[in-house]
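What you are looking at is a predicted structure, and each value in this text was computed from that prediction instead of being measured. For the single chain, residues carry numbers from 1 onward in sequence order.
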Amino acid sequence: MSDMEKKTPAAESGSTNKKPARRYYGRKPRQAQRPKAAKPAAKAEAQPEQGEKPARAPKQPKMAARAARQPAARAQRTPAAVKAKVSAEKKLPAQRTPRPQRASRPAPHEKGAELHIYPLGGLGEVGKNITLYECRGDMLLVDSGSIFPDEDMYGIDLVIPDFTFVKQNREKIKGVIITHGHEDHIGSLPYLLRQCPMPVYATRLTIGLIKNKLDEHGLLASTKLIEIRSNEKFRLGCFTIEPIHVNHSIPDAVAFAIDSPAGVVIQTGDFKVDYTPLAGGVTDLDSFARYGEKGVLALLSDSTNSERPGFTATEQKVAEGVRKLFVKAGKRRIIIATFASNLYRVQQIIDLAVESGRKVAVSGRSMVNNVAMAMELGYLHAPEGVMVDMEQLRSYPPEKLVIITTGSQGEPLSALSRMASASHRNIKVGPGDFIIISANPIPGNEKMVTKVVNGLLKLGSEVIYESMYDVHVSGHACQEEQKLILTLTHPKCFIPVHGEYKQLKRHADTALSLGIIPKENILIPEVGQDICLSEAGLRLGENVPSGMVLVDGLGVGDVGNVVLRDRRHLSEDGIIIVTATVENGTGRVLAGPDLISRGFVYVKESDALMGGARTLMESTMDRSLAEDGLDWNTVKGRMREALSSYIYRKTKRSPMILPILMEV
């Protein structure tokens with residue numbers, strides 16, 4: 001066991017008293033250490049267990065000094081001492097999120113053992129990431145994300161993975177581990193935990209974001225949240241997991257090295273390699289290399305930017321670009337839209353506002369919640385008096401204000417969208433506003449973003465969006481960074497994940513071009529496949545239940561393809577409702593038929609068309625009711641067919657037709 005694995009959380013917390021030399025944006029992970037040369041086995045066995053007295057007094061002075069310090073060290077590691085120390089340093093309540101049980105040595109790899117990987121989302125799409133691992137009867141989930149609905153998913157609020165296979169194996173699953181706090185990795189977590197309660201393992205900031213989400217769904221009290229840290233191994237069933245620090249657009253992002261009896265699998269999560277990060281240190285390349293030297297069975301790596309050559313730009317580039325825009329804004333009010341979870345960007349904006357003598361307000365429920373949580377945990381910092389409430393905006397002149405808001409993706413109910421439609425309660429956009437959209441549209445959201453930009457421009461404001469200036473950099477690795485991780489880990493098998501098919505294919509081509517992985521060991525996976533890994537290589541098993549579930553309001557999964565088809569039909573051609581009252585027994589028509597049109601034609605301007613349709617319905621009903629033995633469903637079917645043919649012949653359109661017969 002390396003020295004890093006022996007270090008206790010309490011001992012590590014003792015190093016946090018020193019203040020960093022530069023501005024502190026977030027929690028700084030400890031730098032990874034290369035493992036020291038292995039000591040002789042006999043010497044390792046002679047070490048006493050923690051809390052156990054040595055069998056004899058140590059002979060070497062160094063060992064004697066260490067033994068003398070043990071009582072004091074144990075006193076510092078008591079729960080009360082740890083809680084008091086954290087409270088004093090972080091100004092937080094003494095109660096802390098539980099920590100996972102530290103792992104001892106990983107279980108040795110077993111010859112013939114097989115690891116199953118079931119990707120249940122995140123393939124052929126950007127979002128909805130969820131992966132299930134299985135080995136020796138134990139299961140482990142990585143992430144549980146959501147995705148924005150497509151344009152033709154009318155009325156749908158959210159798309160989440162199908163948890164059928166998870167529910168079928170809920171007794172085997174030891175927990176879900178989370179790479180970072182973006183919606184495409186935690187968005188479906190409340191829906192998962194409502195159906196399959198299980199412990200959640202995540203870094204400190206990610207837990208804060210998850211708490212906000214679970215609190216909204218009423219699941220916070222019933223969910224066990226366990227804090228993990230980079231390079232601190234923990235064990236779940238037969239799996240030993242080590243979080244590895246990576247750079248991303250959100251603090252506290254990690255990759256996972258998952259050690260199983262079949263071998264080690266590394267799942268990178270979302271990552272890039274930023275050599276000049278705002279905080280937290282560079283991606284822990286040492287740990288990737290360390291596992292590469294030991295042997296990696298498979299690598300699952302982020303493919304989002306696999307079509308882009310070179311390296312992803314550093315976040316420092318955004319600070320300079322936004323600083324120039326602050327100068328360009330002059331005396332105008334500045335409104336900046338970004339992701340609510342992009343805390344690095346939020347901190348940059350706060351710093352620039354302080355430089356220019358402006359106050360900062362935040363708009364949008366998720367932005368307000370995340371900023372408050374990050375301030376409490378120490379991931380965001382602002383001088384006293386800089387942050388103001390939305391209700392106080394009228395107390396300050398426009399040139400003294402910066403508003404950070406949600407809506408960078410054009411979401412219909414976001415704060416920026418409400419500003420564009422002039423329906424925001426506190427903010428009225430006009431010529432005196434300088435608006436910056438500090439994000440690139442997610443594939444599929446381009447039209448929604450364009451609609452918001454057009455609305456803001458019509459109101460007279462100046463809008464900076466997309467690639468007009470350096471206001472956004474990606475949080476995902478480009479080709480050279482992907483090659484670096486592939487070379488360091490040198491995996492036996494490679495599985496590109498997190499991207500559309502064209503991105504997965506390009507990432508697979510990049511891996512093949514390096515010449516270190518055989519072509520037969522590179523797989524472009526599909527959702528629901530059973531990927532079986534062993535010393536012998538890679539093979540595919542039988543597919544498992546998978547897919548997507550649509551969330552509409554409070555309904556989860558009650559909207560399927562049939563309902564979506566009807567909604568699409570209504571949106572394209574409208575509906576005609578035919579109503580009539582029929583006497584029970586005789587079949588005589590007492591009232592009607594009457595026609596009601598919605599979304600088809602304006603009835604008052606289509607008298608001839610609707611009059612002909614009414615006459616047709618009268619004759620169709622008379623003929624149908626005159627026949628003996630016809631049930632009402634047959635009569636309504638004939639009415640529907642006759643009216644549909646008539647309408648199409650007259651208009652070349654096919655509205656939905658809904659006959660309603662009432663018996664009295």
Side-chain angles (χ1 to χ4, degrees), residues 125-128 146-159 182-184 187 249 304 321-322 325 329 332-342 345 349 361-368 390 402-474 500 550-553 559 564 567-574 598-599:
E125 58 194 356
V126 180
K128 199 160 63 66
S146 60
I147 194 173
F148 289 111
D150 294 335
E151 290 183 357
D152 59 351
M153 295 180 178
Y154 299 99
I156 300 303
D157 301 318
L158 196 67
V159 182
H182 279 156
E183 286 296 309
D184 56 338
S249 56
T304 307
V322 177
L325 292 177
R332 289 175 288 181
R333 180 173 62 179
I334 298 176
I335 301 174
I336 303 182
T338 188
F339 292 106
S341 58
N342 195 341
R345 195 72 43 81
I349 296 167
V362 293
S363 179
R365 181 169 55 89
S366 58
M367 182 69 76
V368 171
M390 292 297 297
V402 175
I403 299 172
I404 308 175
T405 181
T406 56
S408 62
Q409 298 302 306
E411 303 95 316
L413 299 179
S414 66
L416 190 65
S417 294
R418 286 184 278 123
M419 295 179 203
S421 61
S423 61
H424 196 285
R425 185 178 62 174
N426 300 107
I427 303 172
K428 301 298 179 186
V429 172
D433 289 307
F434 188 81
I435 301 175
I436 304 169
I437 300 180
S438 183
N440 289 335
I442 294 173
N445 292 351
E446 294 87 354
K447 288 186 177 180
M448 291 192 295
V449 174
T450 299
K451 181 180 178 181
V452 170
V453 171
N454 289 336
L456 295 169
L457 291 172
K458 288 178 181 178
L459 293 173
S461 62
E462 182 176 354
V463 184
I464 306 299
Y465 58 95
E466 293 187 22
S467 302
M468 295 172 63
Y469 292 88
D470 293 328
V471 296
H472 179 70
V473 294
S474 175
E500 297 179 358
L550 307 179
V551 179
D552 184 0
V559 176
L564 283 181
R567 291 181 178 182
R568 193 176 302 116
H569 192 179
L570 289 169
S571 72
E572 293 171 351
D573 296 309
R598 291 292 183 271

Where do [X] and [Y] come nearest, in terms of heavy atoms and distance?
| X | Y | value |
| --- | --- | --- |
| Leu459 | Met419 | CD1-O, 3.4 Å |
| Leu416 | Gly407 | CD2-O, 3.6 Å |
| Gly432 | Arg332 | O-CB, 3.3 Å |
| Met367 | Phe339 | CE-O, 4.0 Å |
| His424 | Met390 | CE1-CE, 4.1 Å |
| Ser249 | Asn342 | O-OD1, 2.8 Å |

Item to check | Partners passing side-chain hydrogen bond (donor to acceptor under 3.5 Å, both in side chains) against Ser408 (at least two apart in sequence or in another chain) | outcome: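 With neighbours one apart ignored, the set is empty.
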
Item to check | Sequence-distant partners of Arg345, side-chain hydrogen bond (donor to acceptor under 3.5 Å, both in side chains), two or more places apart | outcome: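 Arg345 satisfies side-chain hydrogen bond (donor to acceptor under 3.5 Å, both in side chains) with Glu315, Ser438, His472 once adjacent residues are dropped.
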
Checklist entry - With distance as the sole test, does Asn454 use its side chain to make a donor-acceptor pair with the main-chain N or O of Lys451 at under 3.5 Å? => result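 Not a single qualifying donor-acceptor pair exists.
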
Could you give the distance from [atom1] ([X]) to [atom2] ([Y]), rounded to the nearest 0.5 Å?
| X | Y | atom1 | atom2 | value |
| --- | --- | --- | --- | --- |
| Met448 | Ser414 | CE | OG | 9.0 Å |
| Ser363 | Ile404 | OG | CD1 | 11.0 Å |
| Tyr465 | Thr450 | OH | OG1 | 7.5 Å |
| Asp433 | Glu462 | CG | CD | 11.0 Å |

Next on the checklist: Is it the case that atom NZ in Lys458 sees more than 12 heavy atoms from other parts of the structure closer than 6.0 Å?
Outcome noted: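 Counting other residues, nucleotides and ligands, NZ of Lys458 stays at 12 neighbours or fewer.
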
Item to check | Identified side chain to side chain contact (heavy atoms under 4.5 Å, CB included) counterpart of Ile335 within the set Leu456, Ile427, Ile436, Ile437 | outcome: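 Of the listed residues Leu456, Ile427, Ile436, Ile437, the side chain to side chain contact (heavy atoms under 4.5 Å, CB included) partner of Ile335 is Ile427.
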
Item to check | Candidate pair Leu325 and Ile336, rule side chain to side chain contact (heavy atoms under 4.5 Å, CB included), full reasoning | outcome: CA-CA 11 Å; Leu325 292 177; Ile336 303 182; over 6 Å; no

Next on the checklist: Is any side-chain heavy atom of Leu550 closer than 4.5 Å to one of Val159?
Outcome noted: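 Val159 vs Leu550: side chains touch.
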
